[in-house]
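Following: one structure in structure tokens, then a few remarks.
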There are 2 protein chains.
Amino acid sequence: MDTAEEMGRRQRAISVSEFFEKNRHLLGYDNKAKAMLMIVKEGVDNSLDACEEAGILPEIYVKIKEAGPDKHQIVVRDNGPGIVREQIPKIFGRLLYGSKFHRLHQSRGQQGLGVSCAVLYSQLTTGLPVSIASSTGDGKTHKYQLKIDVAKNRPLVVETKLEEGEAWHGVETRFVAECTYRENRQSVMEYIKQTAISNPYADIVFDSPYGKMEFKRGVDRLPPEPREIMPHLYGVELGVLGRMLASTKARTVMSFLTSEFSRLGKRSASEILLKAGITKTGEGGKPVPDTKLKPRRVTDEQAGGIIEAVKQVKLVRPPTDCLSPLGTELIRSGLVKELNPEFVAAVSRSPEVYRGWPFQIECGLAFGGSIQSFSLLRFANRVPLLYQQGICAMTRAVQETDWRRYGLQANKGIDEPLAIFVHICSVWVPFTSESKEAIANYDIIIKEIKLALQECARQLSIWLSGKRKKAMLTKKKSTFERYAGETAHALGNMTDVSAESIQNKILNLIKNKWGEIHGDEIEGEDQESGEGDNQAA
Amino acid sequence: MDTAEEMGRRQRAISVSEFFEKNRHLLGYDNKAKAMLMIVKEGVDNSLDACEEAGILPEIYVKIKEAGPDKHQIVVRDNGPGIVREQIPKIFGRLLYGSKFHRLHQSRGQQGLGVSCAVLYSQLTTGLPVSIASSTGDGKTHKYQLKIDVAKNRPLVVETKLEEGEAWHGVETRFVAECTYRENRQSVMEYIKQTAISNPYADIVFDSPYGKMEFKRGVDRLPPEPREIMPHLYGVELGVLGRMLASTKARTVMSFLTSEFSRLGKRSASEILLKAGITKTGEGGKPVPDTKLKPRRVTDEQAGGIIEAVKQVKLVRPPTDCLSPLGTELIRSGLVKELNPEFVAAVSRSPEVYRGWPFQIECGLAFGGSIQSFSLLRFANRVPLLYQQGICAMTRAVQETDWRRYGLQANKGIDEPLAIFVHICSVWVPFTSESKEAIANYDIIIKEIKLALQECARQLSIWLSGKRKKAMLTKKKSTFERYAGETAHALGNMTDVSAESIQNKILNLIKNKWGEIHGDEIEGEDQESGEGDNQAA
């Protein structure tokens with residue numbers, strides 16, 4: 001039995017590294033197979049982000065090699081811009097450090113946790129540092145061997161050297177970790193294959209323990225560059241507003257509102273100030289907005305008034321051109337390149353907003369051809385999501401769609417050779433956990449996915465009914481053809497006309513009637529879907 | 001398009017407060033109703049932990065009062081040992097600060113995140129500080145108004161004062177947050193009711209917006225105090241071992257192994273050293289364990305050897321008397337007190353071990369009486385779990401049990417007036433997320449739950465078959481009784497004997513035959529289950 005003093009003496013700070021080391025399952029390091037996937041994923045996601053930010057067509061090399069029982073060496077190399085020397089230790093050796101958390105900008109990484117947690121897991125399980133080589137193209141290659149000082153959450157440089165001469169740019173990272181290599185639905189192989197679908201402008205080489213595979217790019221241009229945006233007042237909470245008021249460089253509350261928030265004009269700002277009670281006495285004794293008030297002099301109560309006012313004033317929505325969707329052409333290209341389907345449709349919805357943050361949904365359906373069974377491919381900011389399918393908003397949208405309405409076999413699941421592609425892009429993707437495996441079930445997100453799926457499904461339905469009508473006609477025609485000889489023979493016996501000439505007449509009749517329709521049908525379909533180039537919007 | 005230098009300039013550290021403020025859904029603050037539950041829960045869990053550590057029978061007072069549209073004031077007060085003055089700001093004003101993370105000790109809190117996140121959420125949504133009053137019983141009451149400096153993750157004292165005179169001990173915390181009050185299956189009311197079940201030694205008063213409720217304690221003693229243990233070598237990973245080797249006060253690797261790990265004797269330690277290659281040349285040139293080697297001189301490779309050796313050497317399991325299960329008596333008391341069932345059974349399994357950490361499973365079944373339908377009550381270290389039932393190991397164990405074998409109606413779910421109580425206690429509960437809502441699906445944990453459920457179900461099955469046999473006999477008897485008059489009348493007509501005397505004889509016959517059996521059955525059952533005192537192990 002302890003006293004308050006004894007309990008007080010036991011109180012201690014916990015470093016964020018210690019926290020995630022003990023809770024590594026929160027970041028996806030639940031088991032050795034998943035750990036392998038997580039490390040590759042963090043490396044490749046960072047590489048793709050860096051290439052795109054620098055406007056470089058990505059070339060990614062991934063190598064996995066056994067390094068002992070249940071141990072593997074994982075190498076990820078890119079042709080990106082490289083990392084400047086002084087940032088290398090912090091980016092790899094410190095959790096919650098990065099460039100993406102404080103920006104509203106569409107990117108794969110967002111927390112500053114990913115690659116440093118891969119380092120943390122590696123050293124936890126093998127005791128070995130991570131090796132990094134980077135060059136920004138100036139002929140200097142900086143090489144580091146790094147660990148994390150877990151109690152302090154700071155980088156611990158084991159070795160560093162500078163090599164001069166070689167002209168290249170990019171980053172190569174080398175981990176040795178306790179993890180196992182498998183090839184199944186949730187493996188590195190599947191992740192890389194799906195990455196090739198959602199990033200068809202990237203060249204990826206995967207040097208696996210079982211052999212080398214190349215995923216060649218299908219298009220030679222990057223999607224439009226996403227733009228950084230300012231926060232929208234609608235999604236800002238009181239605590240954050242207070243901090244912004246305290247740290248702003250704006251001299252008046254009016255310039256604060258109109259310069260630090262997205263799409264807030266003077267008229268709306270005045271209305272908000274008036275409703276928030278940030279007023280002075282105007283002509284005739286009426287209160288008018290006190291636009292010149294210094295931001296630091298806004299009281300807690302007045303700040304609360306601003307938040308309340310936002311609920312009443314109609315604001316212009318946040319800009320949505322900050323997003324960089326793939327677009328239907330890239331979606332089709334990716335699906336055709338990796339899945340070789342008979343039919344493909346793609347839809348890119350207009351942007352929408354959840355909790356003040358813009359997002360955009362894209363879907364694709366690929367049917368038949370090399371596809372054997374049903375699968376759902378989920379992506380967030382172009383990253384494949386392989387785990388936690390059960391709790392994902394995308395899964396729910398697929399389940400809530402009545403696929404039978406579109407001529408598909410579906411009972412408990414969809415019973416067709418169909419791949420469904422769903423992509424959400426956003427400046428802040430609402431993941432259900434740090435391991436970024438599933439999308440939270442916001443109503444507006446589920447609704448957008450369903451609308452996109454329905455639009456694709458309608459196109460598939462038209463194509464399918466054409467295909468099925470054609471199959472029926474072909475069957476009809478072949479039945480007539482099969483019995484033509486026998487019928488001609490019987491008619492020949494009954495009449496004076498030779499069986500042969502009757503048979504020819506019957507076959508001509510069939511050809512005239514069914515042949516034409518048949519031919520038309522095929523041509524029409526070829527045009528629509530032959531190259532996977534269905535006219536989806 | 002950015003260069004490496006531009007990207008480098010954007011790199012920044014993220015404070016853990018900023019991280020969880022933006023990701024507050026990870027800690028359970030998904031919506032306003034759940035936020036209310038989380039705040040109450042963090043307060044009450046801390047109060048119960050403190051009372052138990054100090055050996056005090058808990059008296060908890062919870063009050064919820066409206067404080068504006070969608071805003072409530074939440075007060076939690078306890079009679080615990082109080083918090084010493086200098087620790088108050090850190091405990092409430094800093095995330096990842098606490099006494100429980102670095103100990104292997106069974107408690108409700110474990111991360112040092114709970115109550116500080118409730119403060120973070122309150123100030124984020126209302127801009128208001130949290131109010132704390134605490135006394136350790138020395139006549140001094142320390143009062144604080146606190147916020148969190150989010151960018152620094154440090155406490156920000158708004159106001160503090162000392163009041164002298166009143167003799168009390170405990171803590172009172174007062175939050176004002178944006179949250180809504182509801183009464184449903186996942187509400188504060190349900191949480192408090194279930195807390196009363198799993199902590200039947202606590203007095204709880206809940207002053208809700210709709211009225212005051214008292215949950216009186218059912219027993220007057222605390223469960224045995226849990227003991228702190230040392231880590232077991234089986235669950236220690238290489239990175240952690242390396243840190244322990246670097247910071248130990250032990251002078252030799254032998255004393256390090258035998259003093260800093262749980263249940264590791266000299267013989268096993270020698271065997272491990274030998275297999276790990278920590279050896280010197282002994283008599284006859286044979287390698288013998290180098291027991292005197294200084295811990296700091298153990299190489300990374302040798303440390304890796306220790307981890308490998310652990311897989312081969314048979315070690316004594318960690319001690320399990322560190323756990324404090326409720327025990328069958330407290331489980332029954334809690335279930336009877338709050339649910340008023342007709343039958344109750346309880347089982348407390350022996351401790352088991354997952355990943356080197358001891359845990360223990362307890363189950364209870366309460367049937368009929370005031371119970372109307374099926375429910376599953378999940379608890380971890382005596383805390384009710386109200387969310388994420390779908391992904392919890394407890395749910396899976398219930399689903400994988402064949403309830404029909406025990407005479408219960410079960411098709412897709414269980415269709416009986418049955419409450420299933422499942423409790424896991426452990427020095428480190430494997431939650432699936434920081435919000436601590438579900439137990440990870442470890443095989444050994446699921447297996448233990450299933451065994452406990454089966455044991456309870458067998459008892460329920462015996463009682464149920466007795467009850468159903470009794471019902472059948474009662475029906476038989478009443479049928480005979482119903483027709484006795486008519487039969488007697490008919491027999492009277494056919495014979496000279498009066499109908500009345502025949503009827504009496506028939507009724508006597510029934511009484512002799514069925515009355516006795518009937519009576520016995522009831523008595524037997526009363527004894528077994530009348531007071532909810534079924535003889536469950």
Side-chain angles (χ1 to χ4, degrees), chain A residues 1-5 7-8 10-16 18-19 21-23 25-26 50 53-55 81-84 86-87 90-91 94 96-99 101-103 111-112 120 123-128 136 150-151 169 225 237-240 242-243 300 303-304 391 430 432-434 440, chain B residues 1-5 7-8 10-16 18-19 21-23 25-26 50 53-55 81-84 86-87 90-91 94 96-99 101-103 111-112 120 123-128 136 150-151 169 225 237-240 242-243 300 303-304 391 430 432-434 440:
Chain A
M1 289 175 204
D2 294 330
T3 64
E5 286 70 28
M7 290 183 201
R10 278 200 298 266
Q11 301 287 347
R12 263 189 64 186
I14 301 139
S15 94
V16 66
E18 289 175 312
F19 175 76
E21 184 183 75
K22 200 161 176 183
N23 287 297
H25 60 285
L26 299 178
E53 270 200 72
I83 302 173
V84 293
E86 61 275 20
Q87 290 294 343
K90 293 184 204 156
I91 288 174
R94 185 168 174 184
L96 290 183
Y97 187 88
S99 62
F101 185 84
H102 291 100
R103 299 173 77 195
Q111 314 275 27
L120 188 68
Q123 79 177 33
L124 176 70
T125 54
T126 66
L128 296 173
T136 58
V150 175
H169 55 86
E225 206 188 345
E237 277 160 304
L238 185 51
V240 175
R243 284 212 298 286
D300 282 358
I391 59 167
T432 58
S433 72
E434 288 96 328
Chain B
M1 288 175 201
D2 295 330
T3 64
E5 287 70 28
M7 291 183 200
R10 277 200 298 267
Q11 301 286 348
R12 263 187 65 186
I14 300 138
S15 94
V16 65
E18 288 175 312
F19 175 76
E21 184 183 74
K22 200 161 177 183
N23 288 296
H25 60 283
L26 300 178
E53 271 199 71
I83 302 173
V84 293
E86 61 274 19
Q87 290 294 341
K90 293 185 205 155
I91 289 174
R94 186 169 171 183
L96 291 183
Y97 187 88
S99 62
F101 185 85
H102 291 100
R103 299 172 78 195
Q111 315 274 28
L120 188 68
Q123 79 177 34
L124 176 69
T125 54
T126 67
L128 296 173
T136 58
V150 174
H169 55 85
E225 206 189 344
E237 277 160 304
L238 185 50
V240 175
R243 285 212 299 285
D300 282 357
I391 58 168
T432 57
S433 73
E434 290 97 327

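Residue numbers begin at 1 in each chain, while the letters A, B, ... track the order of the sequences.
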- Message: Under a 4.5 Å cutoff for heavy-atom pairs, which residue among A:Ala13, A:Gly8, A:Gly127 has the most contacts with chain B?
- Response: A:Ala13
- Item | Proximal component of B:Arg12, with respect to chain A [non-hydrogen, under 4.5 Å] | both
- Rounded to the nearest 0.5 angstrom, the CD-NZ distance for B:Gln11 and A:Lys90 is 9.0 Å
- Item | Which portion of A:Ile91 sits near chain B, non-hydrogen atoms under 4.5 angstrom | side chain
- Message: Once rounded to the nearest 0.5 Å, what's the spacing between atom CG of A:Leu26 and atom OG of B:Ser433?
- Response: 7.0 Å
- Message: I'd like to know if B:Glu237 pairs up with A:Lys22 as an ion pair, taking the criterion as any Lys NZ or Arg NE/NH1/NH2 lying under 4.0 Å from an Asp or Glu carboxylate oxygen.
- Response: no
- For chain A, which of B:Gln87, B:His169, B:Glu5 has the most heavy-atom pairs under 4.5 Å? B:Gln87
- Task: Determine whether A:Arg10 and B:Glu53 make a side-chain contact, defined as any pair of heavy atoms from C-beta on separated by less than 4.5 Å.
- Result: yes
- Query: Given that the side chain runs from C-beta out, which part of A:Glu434 has a heavy atom under 4.5 Å from chain B: side chain, backbone, both or neither?
  - Reply: both
- Pick whichever of B:Arg94, B:Arg103, B:Glu86, B:His25 has the most heavy-atom pairs under 4.5 Å with chain A. B:Arg103
- Heavy-atom distances under 4.5 Å only: say whether A:Arg243 touches chain B with side chain, backbone, both or neither. side chain
- Can you tell which of A:Ala50, A:Gly242, A:Gly239 has the highest number of heavy-atom pairs within less than 4.5 Å of chain B? A:Gly239
- Item | Winner by heavy-atom pair count (cut-off under 4.5 Å) against chain A, out of B:Gln123, B:His102, B:Glu21 | B:His102
- Note on the structure: For A:Ala4 and B:Gly82 the tightest heavy-atom approach is CB-O, 3.3 Å
- Query: B:Glu225 versus chain A, heavy atoms under 4.5 Å apart: side chain, backbone, both or neither?
  - Reply: side chain
- Task: Locate the shortest heavy-atom distance separating B:Met7 from A:Pro81; write the atom from each residue and the value.
- Result: CE-CG, 3.7 Å
- Nearest heavy-atom approach of A:Phe19 to B:Phe101 is CA-CZ, 3.6 Å
- Partner chain A: residue of B:Val16, B:Val150, B:Thr136, B:Leu120 with the largest heavy-atom pair count (under 4.5 Å): B:Val150
- Using a cut-off of under 4.5 Å on heavy-atom pairs, state which of B:Asp300, B:Thr125, B:Ile83, B:Asn23 scores highest against chain A. B:Asn23
- Query: Does any non-hydrogen side-chain atom of B:Ile14 lie less than 4.5 Å from one of A:Gln111?
  - Reply: no
- Over all heavy atoms of both residues, which pair between A:Leu124 and B:Val240 is shortest? Give the atoms and the distance, please. CD1-CG2, 3.7 Å
